[in-house]
Amino acid sequence: MLKTIALTALAAVALLLAYAATRPDSFRVERSRVIEAPPERVFGLIQDLRRFNTWNPYERKDPGAKGEYSTTTAGPGARYAWRGDKVGTGSMEITEATAPAHVGMKLDFVAPFEAHNRADFTLQPQAGNATRVTWAMHGPVPYLAKIMHLFFNVDSMVGKDFEEGLAFLAAEAAK
């Protein structure tokens, strides 16, 4: 009887691992919001990392986190590194900025898990001097992350943070 239970459990684990191997090799999380401010104003709040961190939801999640800016804080080459109990350890670097339409960033997470992703902010003018801001993050999903993704919905977890961040961005742009 014990042998049957052990073999059944082993088969279930093997099936779970095999199923994880069939999952996508990349992920994408994306959220959008219309902000009542012109693209130029919103762009400035994204492409300058000091201003970015005035509305960044992850800075608010861990106010005790320690951050360090590079000499350049705006535009391509601007870099910010952080270490915190709730937000882990990592860095972001602006790799491209096309005013007032797009900001691309490289995100490198060290802890609690290693990950190397991209974030893109796309700004589209809307009627009435408003801007549709789309915040997307995408990257590879290594095999161990595929297993974790079976138990954690990354889209809803990160998407919730993006929605909150876009609300903070809208409030900051309204000042």
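Just so we're clear, the structure is a prediction, and the values are computed from it rather than from any experiment.
The line from CZ of R33 to OG1 of T131 is 12.5 Å long, rounded to the nearest 0.5 Å. Separating the CZ atom in F109 from the CE atom in M92 is a distance of 8.5 Å, to the nearest 0.5 Å. Note: H138 NE2 to L107 CG = 9.5 Å, rounded to the nearest 0.5 Å. Distance CD1/I35 to CG/L169: 3.5 Å, rounded to 0.5 Å. With rounding to the nearest 0.5 Å, the separation of CG in L49 from OG1 in T54 is 11.0 Å. Rounding to the nearest 0.5 angstrom, the gap separating the CD1 atom in I5 from the CG atom in L10 is 13.5 Å.
Side-chain atoms of D155 never come within 3.5 Å of backbone atoms of V29 as a donor-acceptor pair (strictly under, hydrogens ignored). A distance-only check finds no donor-acceptor pair linking the side chain of N117 to the backbone of M137 [under 3.5 Å]. For the pair T89 (side chain) and R83 (backbone), a donor-acceptor distance under 3.5 Å is absent. Side chain of W82 to main chain of S91: no donor-acceptor pair is present (N/O by atom type, distance under 3.5 Å, no hydrogens or angles). Although no hydrogens or angles enter the test, the distance criterion places no donor-acceptor pair under 3.5 Å between the side chain of R23 and the main chain of V141. Looking at N53, its side chain never comes within 3.5 Å of a backbone N or O of N56 through a donor-acceptor pair. The backbone N or O of A97 sits nowhere less than 3.5 Å from a side-chain atom of Q47 that would complete a donor-acceptor pair. Here the side chain of R41 pairs a donor or acceptor atom with the backbone of A173 at under 3.5 angstrom. A donor-acceptor distance shorter than 3.5 angstrom exists from the side chain of S70 to the backbone of T72, with no hydrogens or angles considered.
The minimum heavy-atom distance linking E93 with G77 is given by the pair OE2-CA, 4.0 Å. Among all heavy-atom pairs drawn from K61 and K86, the shortest one is O-CD, 3.2 Å. Taking every heavy atom of both residues into account, E164 and P57 meet most closely at OE1-CB, 3.9 Å. Closest of all the heavy-atom pairs between V42 and V133 is CG1-CG2, 3.6 Å. The minimum heavy-atom distance linking W135 with D161 is given by the pair CZ3-O, 4.5 Å. The minimum heavy-atom distance between F151 and I147, with the atom names listed, is CD1-O, 3.3 Å.
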Test L45 against F52 for side-chain contact (heavy atoms from CB on, under 4.5 Å), laying out the working first. CA-CA 5 Å; L45 292 168; F52 180 93; over 6 Å; no
I would like to know whether E172 and K175 meet salt bridge (Lys or Arg N to Asp or Glu O under 4.0 Å); could you show each step before the answer? CA-CA 6 Å; E172 192 66 28; K175 290 182 182 179; 3.2 Å; yes
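A donor atom on one side chain and an acceptor atom on the other are found under 3.5 Å apart for D120 and H102. A donor-acceptor contact closer than 3.5 angstrom links the side chains of R118 and T95. Side-chain contact annotation: T122 with T134, donor-acceptor N/O pair under 3.5 Å absent. Using modelled atom types, one finds a donor on one side chain and an acceptor on the other under 3.5 Å when comparing Y80 with E59.
No path of Ile, Leu, Val, Met, Phe, Trp and Tyr side chains, each step under 4.5 Å between heavy atoms, connects L150 with V154, placing them in separate hydrophobic clusters. Cluster annotation: L144 and F152 are assigned to the same hydrophobic cluster (Ile/Leu/Val/Met/Phe/Trp/Tyr, side-chain heavy-atom contacts under 4.5 Å, transitive). V34 and F121 are not part of a single hydrophobic cluster, where members link through side-chain heavy atoms under 4.5 Å apart.
For the pair R79 and Y69, the NZ or CZ position fails the cation-pi test of under 6.0 Å to the six-membered ring centre and within 45 degrees of the ring normal.
Heavy atoms from other residues, nucleotides or ligands lying under 6.0 Å from CG of D85 number 12 at most. Environment of CD in Q124: crowded, with over 12 heavy atoms of neighbouring residues, nucleotides or ligands closer than 6.0 Å.
At a threshold of 4.5 Å between non-hydrogen side-chain atoms, the residues L166 and R31 count as touching. Looking at heavy atoms from C-beta onward, E30 lies in side-chain contact with R28 at the 4.5 angstrom threshold. Using a 4.5 Å cut-off on side-chain heavy atoms (C-beta onward), P140 and S26 make no contact.
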